[in-house]
Number of protein chains: 2
Amino acid sequence: MVSVATTQLDPAEETEPVKLGRRRDHTRDPDILAAAVDVLAECGYEGMTIDMVAARAKAGKATLYRRWPSKGELVIDAVACMKNGDLNLSQLPDTGTLRGDLIAMIKPHSIEDGEKKLRVIAGLMSLLAHSPELAETARVSVVEPRVTAHRFLLRRAVERGEISSRCDIDNLSTVTTAMASMRILFERKTIDREFLISLIDGVILPAVGLGAGPAAGADPESRAAGDTAVTAR
Amino acid sequence: MVSVATTQLDPAEETEPVKLGRRRDHTRDPDILAAAVDVLAECGYEGMTIDMVAARAKAGKATLYRRWPSKGELVIDAVACMKNGDLNLSQLPDTGTLRGDLIAMIKPHSIEDGEKKLRVIAGLMSLLAHSPELAETARVSVVEPRVTAHRFLLRRAVERGEISSRCDIDNLSTVTTAMASMRILFERKTIDREFLISLIDGVILPAVGLGAGPAAGADPESRAAGDTAVTAR
DNA sequence: TATATACGATACTGTGGAGTTCCGGATCTT
DNA sequence: AAGATCCGGAACTCCACAGTATCGTATATA
C-alpha cells in the first residue's frame with residue numbers, strides 16, 4: 001500500500017514542505033489501477049508487464065514508477081481497489097423470505113464482477129502462499145464481501161424465525177462462493193443464473209430445513225412463482 | 001504428455017529401429033516428476049526452475065531436457081502423475097450409513113495429500129486459463145477423484161433408501177472439495193478433521209434430510225457414537 | 001514570464017532463467 | 001574389447017522484463 005498523500009501542507013513535516021511546478025495528477029490513479037486489474041485478469045501476475053499496464057492506461061512507464069516503487073506494490077494497490085464492488089453496504093434485498101433474498105442477490109453485473117475478480121485472484125494465486133499481505137488483501141476484496149452478505153441474509157432469516165438458529169451459518173454462507181470459485185477456477189465454466197438457483201434449491205435451502213418436501217431440491221421450476229417476481233434485473 | 005516408449009521393437013516403425021549403447025533409465029522418471037511436483041508445490045510454476053527440479057532429483061539439467069522438450073511439458077506430466085492418490089478404486093468405505101461413510105473418508109493421509117495437490121494447482125492457476133489441456137489434467141488429477149468418491153457414496157445412500165433420490169447429488173458431491181479448496185487457497189488455513197465433520201453435519205447431511213432434528217447441524221459431539229467407531233486410522 | 005515539476009515516449013542497463021552445448025565417466029549392445 | 005549412447009555437471013547463449021535515465025513537452029506556482 002503506497003501512501004498517496006497529495007498536497008501535504010502539514011508544517012510539522014519533513015524539511016521539504018512546499019512543492020513547486022506541476023502537480024502530480026492523482027485523478028489518473030484509478031485508471032492506472034483499473035488497467036492493472038484488467039491486465040492481471042488476462043495475463044496473471046507473471047504474464048503482466050509494466051509496459052502492458054502503462055500502454056493500457058495510456059501512461060508512461062516512468063509515471064507508474066513515480067507513483068509505485070515496484071510492480072508488487074502496484075499489484076497490491078490494484079487488488080485492494082477491487083474491493084468496491086456492488087454489494088458494499090447492507091442495502092441488500094429484503095423480500096421477507098430467505099429464498100427471495102438469495103434469488104434477489106443474483107444479478108448479471110454481480111456475476112460478471114465476481115468472475116473477473118476470481119480471474120485476477122487466479123492470476124496471482126502462486127504469490128498468495130508467500131505473501132500473507134497480498135493474500136489477505138485478496139480475501140478481503142473478493143471472497144469476504146460475498147460471504148458476509150450471505151451470512152447477513154441467513155442471520156436475518158434466523159431472527160425472522162424462518163430457519164433454526166442451530167443452522168451452520170458460517171459454513172452455509174461460504175458455500176455459494178466456494179462452489180462458484182471451484183466452477184470458474186477448476187471447471188472453467190461460467191456462472192449463470194441456473195447454477196446459482198440450483199445451489200439455493202439443492203443445497204442451501206434443504207440444509208436449513210426449507211426444502212420443498214423433506215430433502216428435495218430437484219424441479220426448481222415448480223416454485224418459479226416467488227422467483228421472477230423478485231429478480232427484475 | 002511425452003511418449004514414454006522405451007525399447008520400441010515395432011519393425012514397421014521409422015528408419016531407426018534398433019538403439020545401441022546405454023539405454024535411458026526410465027526408472028528415474030517418477031523421481032524426477034515427484035521432484036517437479038515438490039518444487040511446484042513450494043514455488044509455483046513461475047518460481048520453479050529446471051535447475052531446482054534437477055537438483056532435487058539429483059539429476060542433470062540436460063537429462064531433463066533429453067526426456068521432456070520443455071518446462072511446460074514436464075509440468076503437464078508432473079501434474080498428470082499426481083492422479084494416483086489413495087482413493088483411486090472404489091474400495092471406498094461401506095459402513096451402512098451415509099454419515100459413517102463420509103466420516104470414514106476422513107484420513108490424515110488423504111488430507112495431507114489433498115493439501116499438497118491444491119498447493120500445486122494454486123501454483124499454476126494462472127496457466128490454467130490459457131492452457132485447457134493443463135486445466136483438464138489438473139481437474140482430473142485433483143478434484144475429479146474426490147467429487148466422484150462423494151457422488152458414489154451419495155448414490156449408494158439413495159439406492160439404500162437412506163436419502164431421497166431427489167437430492168441434488170451433483171452439487172452436494174462437490175461441496176466438500178469446494179469448501180476445502182476455498183479454505184486452503186483463500187483463507188490459508190489447513191484442513192482438519194473438525195472442519196470436515198462440521199461440513200458433514202452442518203451442510204451435507206442436513207441438505208439430504210438427515211439432520212439430527214429438522215435443520216440441525218450444531219453440537220457435533222452429540223453423535224460421536226457412530227464417529228470414533230469407524231475412523232480408526 | 002521564469003522556474004520547477006510531471007508528463008509520455010524511448011532508449012538503456014542488469015538480471016534471471018529457459019534452453020543448448022560440451023565434457024569426462026559410466027553402462028549398455030555386439 | 002569397441003563403439004554407441006546415457007549420465008551428471010558446468011559453461012554457455014539468448015531473451016524477456018524490471019527498473020532507470022534522458023528528452024522534449026505540458027502545466028503548475030511565484
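Model, not experiment: these values are computed from the prediction. Numbered from 1 within each chain, the chains take letters A, B, ... in sequence-line order.
- Enclosure of atom CD in A/Glu112 is not indicated, since only 12 or fewer non-hydrogen atoms of other residues, nucleotides or ligands lie within 6.0 angstrom.
- Counting to the nearest Å, the C1' atom of C/dA6 and the NZ atom of A/Lys58 are 20 Å from each other.
- Without hydrogens or angle criteria, A/Thr174 side chain to A/Asp170 main chain gives a donor-acceptor distance under 3.5 Å.
- Of the candidate nucleotides D/dA4, C/dA4, C/dA6, D/dA4 has the atom lying nearest to any side-chain atom of B/Leu20.
- When distances run from any side-chain atom of A/Arg23 to the nucleotides D/dG8, C/dG8, D/dA28, the shortest one goes to D/dA28.
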Atom pairs under 3.5 Å: protein N/O with N/O of nucleotides 16-20 of chain C:
residue: C/dA18; atom: OP1; partner: B/Met48; partner atom: O; Å: 3.1
residue: C/dA18; atom: OP1; partner: B/Lys71; partner atom: NZ; Å: 3.1
residue: C/dA18; atom: OP2; partner: B/Ile50; partner atom: N; Å: 3.3
residue: C/dG19; atom: OP2; partner: B/Tyr65; partner atom: OH; Å: 3.2
residue: C/dG19; atom: OP2; partner: B/Lys71; partner atom: N; Å: 3.0
residue: C/dG19; atom: N7; partner: B/Lys61; partner atom: NZ; Å: 3.0
residue: C/dG19; atom: O6; partner: B/Lys61; partner atom: NZ; Å: 2.6

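- Atom CZ of A/Arg56 and atom P of C/dG8 are 17 Å apart (whole Å).
- The shortest side-chain heavy-atom distance between A/Leu40 and A/Met82 does not fall under the 4.5 Å cut-off.
- Exactly one of B/Val39, B/Leu127, B/Val120, B/Leu134 qualifies for a side chain to side chain contact (heavy atoms under 4.5 Å, CB included) with B/Tyr45. That residue is B/Leu127.
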Go through it in stages, so that I can follow the logic: the residues are B/Arg193 and B/Ile103, the test is side-chain contact (heavy atoms from CB on, under 4.5 Å), and I'd like the CA-CA distance, side-chain angles, deciding distance and then a yes or no. CA-CA 9 Å; B/Arg193 176 180 185 76; B/Ile103 298 279; 3.9 Å; yes
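- With hydrogens and angles ignored, a donor-acceptor pair closer than 3.5 Å exists between the side chain of B/Arg22 and the base of C/dA26.
- Contact of the A/Met179 side chain with the A/Val203 side chain is not registered, since no non-hydrogen atoms from C-beta on lie closer than 4.5 Å.
- Computed from coordinates, the B/Leu64 CG to D/dC6 P distance equals 15 Å when rounded to whole Å.
- As a whole-Å value, the separation of A/Arg24 CZ from C/dA6 C1' is 8 Å.
- Side chains of A/Ile32 and A/Trp68 form a contact here, defined as non-hydrogen atoms less than 4.5 Å apart.
- Side-chain contact check for A/Arg151 and A/Thr148: no donor-acceptor pair (N or O, by modelled atom type) lies under 3.5 Å.
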Secondary-structure string, 5' to 3', Watson-Crick or G-U under 3.5 Å, | for another-strand partners, for DNA chain C: ||||||||||||||||||||||||||||||
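- Across the protein-nucleic acid pair, A/Trp68 atom CH2 and D/dT20 atom C1' stand 18 Å apart, rounded to whole Å.
- With sequence neighbours left out, A/Glu46 forms a salt bridge (Lys or Arg N to Asp or Glu O under 4.0 Å) with no residue at all.
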